[in-house]
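Everything below concerns the one structure shown next.
In what follows, chains are A, B, ... by sequence order, proteins preceding strands, each numbered from 1. Values below: every heavy atom of this structure, side chains too, minus hydrogens, waters and symmetry copies.
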Amino acid sequence: MKLTLPDGDKLEIEEGTRVIDIAYDIGEGLGNATVGATLDGELLDLRDEVVDEGDFEIITIDSPRANEIIRHTASHVMAQAVKRLYEDVKLAIGPAIDDGFYYDFDLPKSLSEENFAEIKSKMEDIVEEGYEIERLTMDAEEAEEYLSDKNEKYKLELLNEFVSEGEKEVSFYRQDGFTDLCEGPHLRDTSQLKHFELLDVAGAYWRGDENNVMLQRIYATAFAKEKNLKEYVQRKEEAKERDHRKLGPELDLFTFHPELGPGLVYWHPKGTEVLHQIKEFWRAKHRKAGYEFVSTPHIGKSDLWEKSGHLDYFREDMFPPMRESNQEYFLKPMNCPFHIQIYQSRTRSYRDLPLRWAELGTVYRHERSGVLHGLLRARGFTQDDAHVITTPDQVKEEVTGVLNLTFDIMSAFGFNDYKVALSTKPEKAVGDAKRWEEATEALRESIMDLGLDYEVEKGEGAFYGPKIDVHLEDALGRFWQTTTVQFDFNLPERFDMTYMGSDGREHRPYMIHRALMGTLERFFGLLVEHYKGAFPVWLSPVQVAVLPVTEDNNEYAEKVAEKIRNEGIRVDARTGTDENLSREIHEAQLEKIPYMLVVGDKEEETGEVSLRLRTEEDLGPRPLEEFIEFATEKIEEKARL
RNA sequence: GCCCGUGUAGUUCAGUCGGUAGAACAUCCCGUUGGUAAUGGGAAGGUCGCCGGUUCAAUUCCGGCCGCGGGCUCCA
């Protein structure tokens with residue numbers, strides 16, 4: 001049989017030849033460097049026998065795909081180290097993940113970061129001792145006996161599952177005395193493991209189920225080159241620097257006051273200014289896209305939530321009710337039932353559709369205490385919510401419209417890379433099959449029409465309808481879920497929404513929930529991290545700081561500021577302080593104010609201002625009018641600076 | 001909600017092997033009128049997260065609760 005090599009050459013091999021033997025066949029150097037291979041993109045262990053034809057590529061320790069293998073082996077080495085160190089350790093699972101790997105253990109001792117040094121040092125021993133890693137296979141019975149002997153109850157559970165899935169044989173990997181039920185792939189030798197770091201210890205439920213016991217998980221990472229490990233650590237530090245929970249209070253944008261209610265945001269004047277800019281922009285874009293705006297109450301009687309089904313299915317996530325005489329009122333966790341009331345206020349005709357109703361609706365959800373995370377996961381938040389109510393034949397066009405609007409808005413914030421996910425019908429679902437199919441197809445076709453790459457998340461849709469989620473990539477290459485476009489077959493049914501068709505009969509409309517930025521809080525948080533607090537001029541709470549050189553220039557500074565303010569630009573004259581210029585610049589710099597105007601005797605004489613950017617560039621003096629023109633233009637075009 | 005960690009001035013942190021605490025920055029006051037990232041001096045500021053227990057004495061030891069952080073689960 002033939003394999004196609006990366007350079008296009010065909011390699012004739014005998015079926016069942018091992019990866020490592022193929023590598024040596026190509027060249028001895030390559031053979032020595034081999035840690036695995038890919039066949040049509042699938043990762044193979046170096047010990048695997050190749051039985052299919054396809055695109056074949058050898059992986060050496062330096063290739064990007066090698067990380068997966070390195071980390072998998074690193075997780076075994078870590079597990080072995082933990083077993084060497086502590087009593088009564090049972091192994092659960094230890095896979096490679098995106099940025100590293102982890103291993104889940106069950107042991108009586110509770111692990112903490114203080115133990116990292118000794119674990120790492122034992123790992124280094126195992127690396128130094130340089131054990132060959134061998135693979136062995138056992139049939140189900142043998143394996144069961146072996147694992148029972150070792151008292152590895154979690155591994156036994158996994159084994160039983162494999163067997164019930166029809167596996168006759170399972171593989172183990174062994175280095176020194178350490179043997180682990182494992183599919184691989186792995187390195188050839190523990191000495192190939194060079195650069196690794198333990199990162200965190202955390203709890204994790206066995207099999208991810210909160211009804212199961214909690215295991216102890218150690219997160220760690222490993223790389224082929226020290227340089228890459230350092231870069232990774234740096235990236236983590238950079239992310240810490242950008243953390244909106246640190247920058248928010250530092251830049252006087254917002255605070256939390258947990259003693260007065262965890263997960264509830266207090267927006268300071270500067271944060272509120274930024275928020276207003278975002279909202280104004282959002283409104284303008286929606287108006288242009290043919291949306292109308294609605295405003296609805298924050299609370300509603302229990303009848304409403306009973307009818308919507310929230311009290312049955314969402315109650316845990318709602319704040320407890322407030323009572324008024326013998327009635328219960330609930331804070332809204334969603335806006336939809338209210339929008340439906342507006343729809344129901346009169347008989348709707350097919351001529352009215354589509355309706356596109358948007359509201360920056362503030363909702364409250366009683367999120368479980370452990371999940372709160374600054375602005376990204378709060379208990380009170382504002383959705384940039386809208387409901388699109390359409391006839392069946394308008395569905396696709398409406399979805400396309402929503403996606404276009406999304407990308408239009410996002411590009412203004414400098415987001416141009418996305419991941420799109422289409423989630424299909426889950427096992428437990430309401431609504432008829434035909435509607436599910438139509439809606440899912442409409443979503444799919446819209447994505448295709450826009451030429452977007454997307455992934456299908458099978459069965460991941462909500463019980464009430466399929467959805468599209470969009471994840472944005474930020475300046476640090478991290479992805480954030482923002483946009484969601486969801487069909488709802490449940491609420492129109494529950495509220496018996498109808499419209500009069502051209503045939504004179506009542507029809508059930510399609511309803512689409514959509515939030516483009518997701519929630520303003522979350523979006524704001526991600527903007528802070530994306531920009532590292534240095535908002536583009538149009539968003540900056542203070543766009544210009546006027547800095548007098550001495551107090552004698554205060555009057556001129558005020559005059560300059562007034563002229564700028566009259567042009568609608570947000571400006572702050574720093575005349576209330578007698579600090580020297582360097583100090584004023586230092587402070588404006590820390591506040592990340594885009595433009596600093598230095599005004600001293602020289603400027604006062606000529607009616608000029610000296611412009612300094614927050615990027616530390618001194619652009620020198622220019623007439624005030626010229627600066628105003630410059631700034632206005634930058635704001636207009638939504639420039640970064 | 002669960003596991004681990006953690007909680008000292010506005011902020012970042014030190015400290016007390018049980019005798020009620022200290023620095024830097026920020027704040028306020030005084031002096032300096034300074035030309036592109038921190039002027040000098042002084043003052044004020046903390047029931048050491050909350051409640052309970054042990055003790056002559058608790059910020060320190062023990063227990064409970066709350067919050068925060070890293071994860072897990074959850075996000076109809």
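Side-chain rings of A:Phe338 and A:Trp305 approach one another, their centers coming within less than 6.0 Å.
Looking at heavy-atom distances under 4.0 Å, A:Gln481 makes no contact with the nucleic acid at all. Within the nucleic acid shown, A:Met596 has no heavy atom closer than 4.0 Å to any nucleic acid atom. In this structure, A:Ala202 reaches the bases: a heavy-atom distance under 4.0 Å links it to at least one base atom across the strands shown. Among the protein residues, A:Gln589 comes within range of the nucleic acid bases, having at least one heavy atom under 4.0 Å from a base atom. Residue contacts for A:Glu579: at a heavy-atom cut-off of 4.0 Å it reaches a base atom on one of the strands shown. Among the atoms of the strands shown, none is found under 4.0 Å from any heavy atom of A:Asp312. Among the heavy atoms of the strands lying under 4.0 Å from A:Gly370 is at least one base atom, whether or not backbone atoms are also near. Within the nucleic acid shown, A:Phe256 has no heavy atom closer than 4.0 Å to any nucleic acid atom. Across all strands, A:Asp317 comes closer than 4.0 Å to no nucleic acid atom at all (heavy-atom distances).
The same atom, P, is picked in B:rC28 and in B:rA21; the two are 28 Å apart, to the nearest Å. Using atom C1' as the reference point in both B:rA9 and B:rC4, the two lie 29 Å apart (nearest Å). Remark: the separation of the C1' atoms in B:rA23 and B:rA44 is 16 Å, to the nearest Å. Look at the P atom in both B:rG18 and B:rU59: the space between them is 14 Å, to the nearest Å. For the P atoms, the distance linking B:rC25 with B:rG42 amounts to 12 Å, nearest Å. Between B:rU20 and B:rG15, the two C1' atoms lie 14 Å apart (nearest whole Å). Atom name C1', nucleotides B:rA14 and B:rU8: the rounded distance is 9 Å, in whole Å. One P atom belongs to B:rU16, the other to B:rG22, and the distance between them is 14 Å to the nearest Å.
Ion pairing between a basic and an acidic side chain is recognised when a charged N comes within 4.0 Å of a carboxylate O; A:Arg207 and A:Glu161 show such pairing. Ion pairing of A:Glu367 with A:Arg377 is present here, as a side-chain N (NZ or NE/NH1/NH2) and a carboxylate O approach within less than 4.0 Å. With salt bridges taken as basic N to acidic carboxylate O contacts below 4.0 Å, one links A:Arg245 and A:Asp243. In this structure, A:Arg614 does not pair ionically with A:Glu591, as no charged nitrogen and carboxylate oxygen lie closer than 4.0 Å. A salt bridge links A:Asp572 with A:Arg574; the closest basic N to acidic carboxylate O contact falls under 4.0 Å.
Between A:Lys467 and A:Gly374, the residue anchored closer to the 5' end of RNA chain B is A:Gly374, taking for each the nucleotide with the nearest heavy atom. Summary of the strand contacts: A:Arg365 and A:Val201 both lie near RNA chain B, and taking for each the nucleotide with the nearest heavy atom, the more 5' one is attributed to A:Val201.
In the set B:rU73, B:rA37, B:rA76, B:rA37 carries the atom at the smallest distance from any side-chain atom of A:Glu616. Picking from B:rC72, B:rG70, B:rC74 the nucleotide with the shortest atom distance to the side chain of A:Arg368 gives B:rC74. Closest to the side chain of A:Leu581, from the set B:rG34, B:rG35, B:rA37, is B:rG35. Out of B:rA76, B:rC74, B:rC3, the shortest distance to the side chain of A:Val371 is found at B:rC74. When the nucleotides B:rG1, B:rU32, B:rC4 are ranked by their closest atom to the side chain of A:Ser112, B:rC4 comes out on top. Residue A:Met214 places its side chain closer to B:rC2 than to any other of B:rC2, B:rG35, B:rA76. Checked against B:rC72, B:rC75, B:rC4, the side chain of A:Ser110 finds its nearest nucleotide in B:rC4. In the set B:rG35, B:rA37, B:rG5, B:rA37 carries the atom at the smallest distance from any side-chain atom of A:His586. Listed nucleotides B:rU73, B:rA37, B:rG70 differ in distance to A:Asp200; the shortest reach to its side chain belongs to B:rG70. Here the side chain of A:Ile585 is nearest to one of B:rG35, B:rG70, B:rU36, namely B:rU36.
Under a cutoff of 6.0 Å and an axis angle of 45°, A:Lys419 and A:Phe479 form a cation-pi pair. Cation-pi geometry between A:Lys120 and A:Phe196 is satisfied (NZ or CZ under 6.0 Å from the ring centre, within 45° of the ring normal). For the pair A:Arg622 and A:Phe627, the cation does not sit on the ring face, since its NZ or CZ is not both under 6.0 Å from the ring centre and inside 45° of the axis. A cation-pi geometry, defined here as NZ or CZ lying under 6.0 Å from the six-membered ring centre and within 45° of its normal, does not hold between A:Arg379 and A:Tyr364.
Atom-to-atom, CD1 of A:Ile218 to P of B:rG5 comes out at 13 Å; the value is rounded to the nearest Å. The nearest whole Å value for the distance from the CG atom in A:Asn212 to the P atom in B:rC74 is 12 Å. Atom CD of A:Glu521 and atom P of B:rC75 are 21 Å apart (whole Å). A straight line from NZ of A:Lys240 to C1' of B:rG69 spans 10 Å, rounded to a whole angstrom. Counting to the nearest Å, the P atom of B:rG71 and the CH2 atom of A:Trp206 are 22 Å from each other. Distance A:Ile97 CD1 to B:rG70 P: 16 Å, rounded to the nearest Å. A:Asp209 has its CG atom 15 Å from the C1' atom of B:rC3, to the nearest Å. Spacing between atom CD of A:Glu617 and atom P of B:rA37 amounts to 13 Å, rounded to whole angstrom units.
Of all the residues in residues 542-559 of chain A, A:Val549, A:Thr550, A:Glu551 reach under 4.0 Å from RNA chain B with at least one non-hydrogen atom.
A:Glu118 and A:Tyr86 are linked by a side-chain donor-acceptor pair at a separation below 3.5 angstrom, with hydrogens and angles left out of the test.
Neither OP1 nor OP2 of B:rA37 sits under 4.0 Å from any side-chain N or O of A:Ser582. Phosphate proximity of B:rG70 to A:His373: present, with a side-chain N or O under 4.0 Å from OP1 or OP2. Close to B:rA37, at under 4.0 Å from its OP1 or OP2, lies a side-chain N or O of A:Arg612. The phosphate of B:rG71 (OP1 or OP2) has no side-chain N or O of A:Arg377 nearer than 4.0 angstrom. Distances shorter than 4.0 Å separate none of the side-chain N or O atoms of A:Tyr205 from OP1 or OP2 on B:rC74.
When A:Gln383, A:Met334, A:His387 are each tested for a side-chain contact (heavy atoms from CB on, under 4.5 Å) with A:His513, only one passes: A:His387. Tested against A:Asp180 for a salt bridge (charged side-chain N to carboxylate O under 4.0 Å, His left out), the candidates A:Lys83, A:Lys155, A:Lys90 yield a single pass: A:Lys155.
With hydrogens and angles left out, the side chain of A:Glu367 and the base of B:rG1 share no donor-acceptor pair within 3.5 Å.
Secondary structure note: stems in RNA chain B built from 3 or more consecutive Watson-Crick or G-U wobble pairs under 3.5 Å occupy B:1-7 with B:66-72, B:10-13 with B:22-25, B:27-31 with B:39-43, B:49-53 with B:61-65.
Residues A:Asp496 and A:Arg508 come closest through the heavy atom pair OD1-NH1, 2.9 Å.
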